[in-house]
Number of protein chains: 2
Amino acid sequence: MPRQPKTYIKILEAALPLFAAYGYKGVAMRDIARAVGITAAALYNHFPNKEQLHYKALEYAFAQKVEHLSAILAETDTSQDRLSRFVLFWVESFGDNVIIRSLLQREMADADPARMKLLVEHIYQPVFDDVADLMKEASGGLNPHLLFVSVIGLVMYHFEMSPLRKLIPGYLPEQDSSDHITQHIISLLKNGILLDKS
Amino acid sequence: MPRQPKTYIKILEAALPLFAAYGYKGVAMRDIARAVGITAAALYNHFPNKEQLHYKALEYAFAQKVEHLSAILAETDTSQDRLSRFVLFWVESFGDNVIIRSLLQREMADADPARMKLLVEHIYQPVFDDVADLMKEASGGLNPHLLFVSVIGLVMYHFEMSPLRKLIPGYLPEQDSSDHITQHIISLLKNGILLDKS
DNA sequence: GTCTATAGCCTGATAGAC
DNA sequence: GTCTATCAGGCTATAGAC
């Protein structure tokens, strides 16, 4: 396997935070070039066009993000503990990381078919079987597919809300902490809301 | 007395689906003008610039979206039924409606402070007190603020996942239906995952 | 209020010297 | 591989006729 030139990787790593913060259309080739320390024309020695640069940057960002999950869930332990470890894994891998989270968020909104495929192949597909095994132990008749989306959504939305959270009633600074959010989600998943039967 | 919509309103209503589908930068003033049936220059008789047009369009889209919630939650009934009605309300108001949902999704990603304020004042602030009353009946020690975000996230993420859902293992067409999603969420909230204690 | 015409700027991308 | 120079096209916004 021929190793890619160092500049190639530098470009990807400079482009990712820009795409995360401003979106595809919000970032000019000149912006990426400036962040790398070269001119825009030089970018075209490494990528045929802006779209490919963007695609390769996403591929680079999402690669190997979930490869350790199997090991994390495989350990012999109670279902409850494995569920907790999954939530924690997702918080640390996709919630806490502002760049990865923003990229995912923007990709979901744009919904480009080719990039949807990228997302599924690198992130959701490789984890689904392990997680579905866990979900099947749910005894409330809950469907594994829907439960999979629910757990991920529960994690991601708390972080997507971060720019808004301070403006919502009942906000306390500690609710921005990942640990606090993680514990809340695990508790909610395990027990539900447990409403008074009044 | 049906009155012919003023051009001002026609512009807002033509702009909203465009902003929802392509984002702020993805929509040109010419595109909006074409959708209305006038030229781009004529837009400037109604709005000082593109940014104001966008802001007023969002304000128009989000106005009065939640005004009926109080009545829906005020009826004397069990907590469980009131919770179900809240989930159903949010699904119908913000999940099912592709335009509103996409606008919200893009606003959260862009996180512009002025527009965050708009979101909170028109949507989250007016519903929080009613919903928090409901959340306080949760007996798992769950914090009302975090629970509020959890319930909303649970609803919204299922719909945000729609462009991806078909590509995720375990997908069945019926899982795209709002009723199916609503029932899943209510069941999850009420009982939790109920894992085997193995 | 709407039009045509256009200013002024920014954009992705290319050509060719080094 | 990187540079400078540049192009063609798209963008927001304005000017002035009607």
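We use all heavy atoms of the structure for the numbers below, so side chains are in, but hydrogens, waters and symmetry mates are not. Chain letters run A, B, ... following the sequence lines, proteins first, then strands; residues in each count from 1.
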- Task: Take nucleotides 8-15 of chain D nucleotide by nucleotide from the 5' end and write B, S or -, depending on whether a protein heavy atom sits under 4.0 Å from the base, only from the sugar-phosphate, or from neither.
- Result: ---BBBBB
- Just say parallel, tilted or perpendicular for the rings of A:Phe86 and A:Phe89, cut-offs at 30° and 60°. parallel
- Task: Would you verify whether the NZ or CZ of A:Lys50 falls within 45 degrees of the ring axis of A:Tyr24 while also being under 6.0 Å from that six-membered ring's centre?
- Result: yes
- Whole-Å distance between C:dC3 P and B:Arg34 CZ? 13 Å
- Message: I'd like to know if the side chain of B:Arg106 and the backbone of B:Ala21 have a donor-acceptor N/O pair within less than 3.5 Å.
- Response: yes
- Query: Any ring pair (Phe, Tyr, Trp, His ring centres under 6.0 Å) pairs touching residues 102-128 of chain B, not counting sequence neighbours?
  - Reply: B:Phe128-B:Phe148
- Rounded to whole angstroms, how far apart are CD1 on A:Ile38 and P on D:dC3? 6 Å
- When you measure from the side chain of B:Arg101 to the backbone N and O of B:Ala20, does any donor-acceptor pair fall under 3.5 Å? no
- Query: Rounded to the nearest Å, what distance is computed from the NE2 atom of residue A:His46 to the C1' atom of nucleotide C:dA13?
  - Reply: 16 Å
